[in-house]
Amino acid sequence: MTWNRRHLLDLQSLTAEEITLILDVAREFRAVGERDVKKVGVLQGRTVVNLFVEPSTRTRISFELAALRLSADVINFTAEASSLKKGETLKDTVRNLESMSADFVILRHGASGAPHFLSRFARCHIINAGDGAHEHPTQGLLDVFTIRERKGRIAGLKVTILGDILYSRVARSNIWALLKLGAEVTLCGPPTLVPRVFEQWGCRVTWNVHEAVRGADVVNLLRIQHERQRKTMFPSTGEYAALFGLNQARASLLHPEALIMHPGPINRGVEIESELADGERSVILEQVANGLAVRMAVLHLINGGQPGQIC
Ligand code: NCD
């Protein structure tokens with residue numbers, strides 16, 4: 001299996017083999033991260049631009065560190081302080097970056113489809129770091145990587161995604177990756193945020209939280225995406241926490257060795273109780289650590305690198 005894509009725009013269009021290849025290469029990079037010298041030269045001479053038009057902590061720092069560890073030159077572009085504020089189009093911004101020899105543009109944007117749009121004309125490689133409510137492919141990859149490393153497989157696992165599914169790009173990327181790799185995916189949350197249409201993708205939809213968590217091998221909790229909700233989707237965060245938040249009683253219904261996941265940022269006491277977020281079954285910080293290895297793998301493969309070529 002070799003990689004021959006120029007961009008990483010979504011997980012919907014990837015095959016199970018391509019996803020597995022990224023996970024295998026990420027494992028090689030995780031081993032690099034455990035060495036004394038954590039840097040390799042595979043992106044030497046390349047320029048990576050982090051073009052983040054929406055707020056981010058983890059994803060931006062993770063891409064920056066991944067590119068630095070691969071020896072690339074890295075530019076961080078903050079939309080607030082740029083000509084995007086003066087009316088320049090995204091297309092013109094990217095054309096200018098290309099004139100300065102940007103090889104990779106890592107794009108986070110509020111509009112679903114923005115990275116796909118850029119990929120239609122861009123000469124550089126485009127990596128989607130989250131587009132609206134559409135997809136967040138590297139988050140989906142790091143989540144399945146974390147599950148596979150802990151459980152040894154994805155196929156046949158019962159994975160529950162609990163929270164704001166409707167507005168979540170993390171949910172969509174997770175769903176595609178999990179289904180392609182053979183997991184059984186259950187979605188749960190308030191009916192206004194978990195539409196039945198997801199059944200057509202091959203997911204189980206339930207609005208009963210006990211049913212959703214009972215016997216699950218993995219529960220992935222999602223933040224309420226207030227910034228994307230244009231109307232009131234549920235009465236209050238207090239009521240959400242009471243009806244759908246993961247607490248000790250609900251967590252006791254999970255498989256005894258279940259993993260508790262969250263892409264961050266966490267709203268403690270809303271989607272998850274603090275003790276559970278910091279507890280033994282939580283892999284939340286492991287997800288962050290794995291994100292670095294996964295992003296190194298994605299940059300390496302898109303640059304034309306192959307597995308086993310890391311030194
Ligand atoms: C997510 C995002 O921005 O899509 N965070 C992340 O990248 N780790 C999820 C969220 O904001 O809730």
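In listed order, ligands and their atoms are each counted from 1. Just so we're clear, the structure is a prediction, and the values are computed from it rather than from any experiment. These numbers come from the heavy atoms of this one structure, side chains and all, not from hydrogens, waters or symmetry mates.
- Which parts of ligand 1 touch Arg108 is read off a 4.0 Å heavy-atom cut-off, strictly below it: atoms 2 (C), 3 (O), 7 (O).
- Interface of Val170 with ligand 1, defined as ligand atoms under 4.0 Å from a residue heavy atom, comprises 1 (C), 4 (O), 9 (C).
- Taking only nitrogen or oxygen atoms, main chain and side chain alike, Glu227 does not reach within less than 3.5 Å of ligand 1.
- In this structure, Leu43 and Val48 have side chains that are in contact, with non-hydrogen atoms separated by less than 4.5 Å.
- If you check which protein heavy atom lies closest to atom 4 (O) of ligand 1, you get Arg169 NE, 2.7 Å.
- Hydrophobic clustering of Ile, Leu, Val, Met, Phe, Trp and Tyr side chains at less than 4.5 Å, counting indirect connections, keeps Val294 apart from Leu68.
- Residue-level proximity to ligand 1 for Glu54 is absent, since no heavy atom of it falls below 4.0 angstrom.
- Looking at ligand 1, you'll find an N or O of Gly264 within less than 3.5 Å of one of its N or O atoms.
- In this structure, OG1 on Thr186 lies 9.0 Å from CD1 on Ile161, to the nearest 0.5 angstrom.
- Summary of contacts: the protein heavy atom closest to atom 11 (O) of ligand 1 is Arg223 NH2, 2.9 Å.
- Heavy atoms of Glu135 found under 4.0 angstrom from ligand 1: none, in either backbone or side chain.
- Residue-to-ligand polar distances place Pro263 within reach of ligand 1: an N/O pair is separated by less than 3.5 Å.
- Gln139 and Ser173 share no side-chain donor-acceptor pair at under 3.5 Å.
- By the 3.5 Å distance cut-off applied to N or O atoms, Gln225 is counted among the residues near ligand 1.
- Checked by atom type, the side-chain pair His134/Asp131 shows a donor-acceptor distance below 3.5 Å.
- Using the six-membered ring where Trp is involved, His226 and Phe234 have ring planes that are tilted, between 30° and 60° apart.
- Expressed to the nearest 0.5 Å, how far OG of Ser56 lies from CZ of Phe63 amounts to 9.5 Å.
- For Pro265, the closest heavy-atom approach to ligand 1 falls below 4.0 Å.
- In this structure, OG on Ser112 lies 11.5 Å from CG on Asp10, to the nearest 0.5 angstrom.
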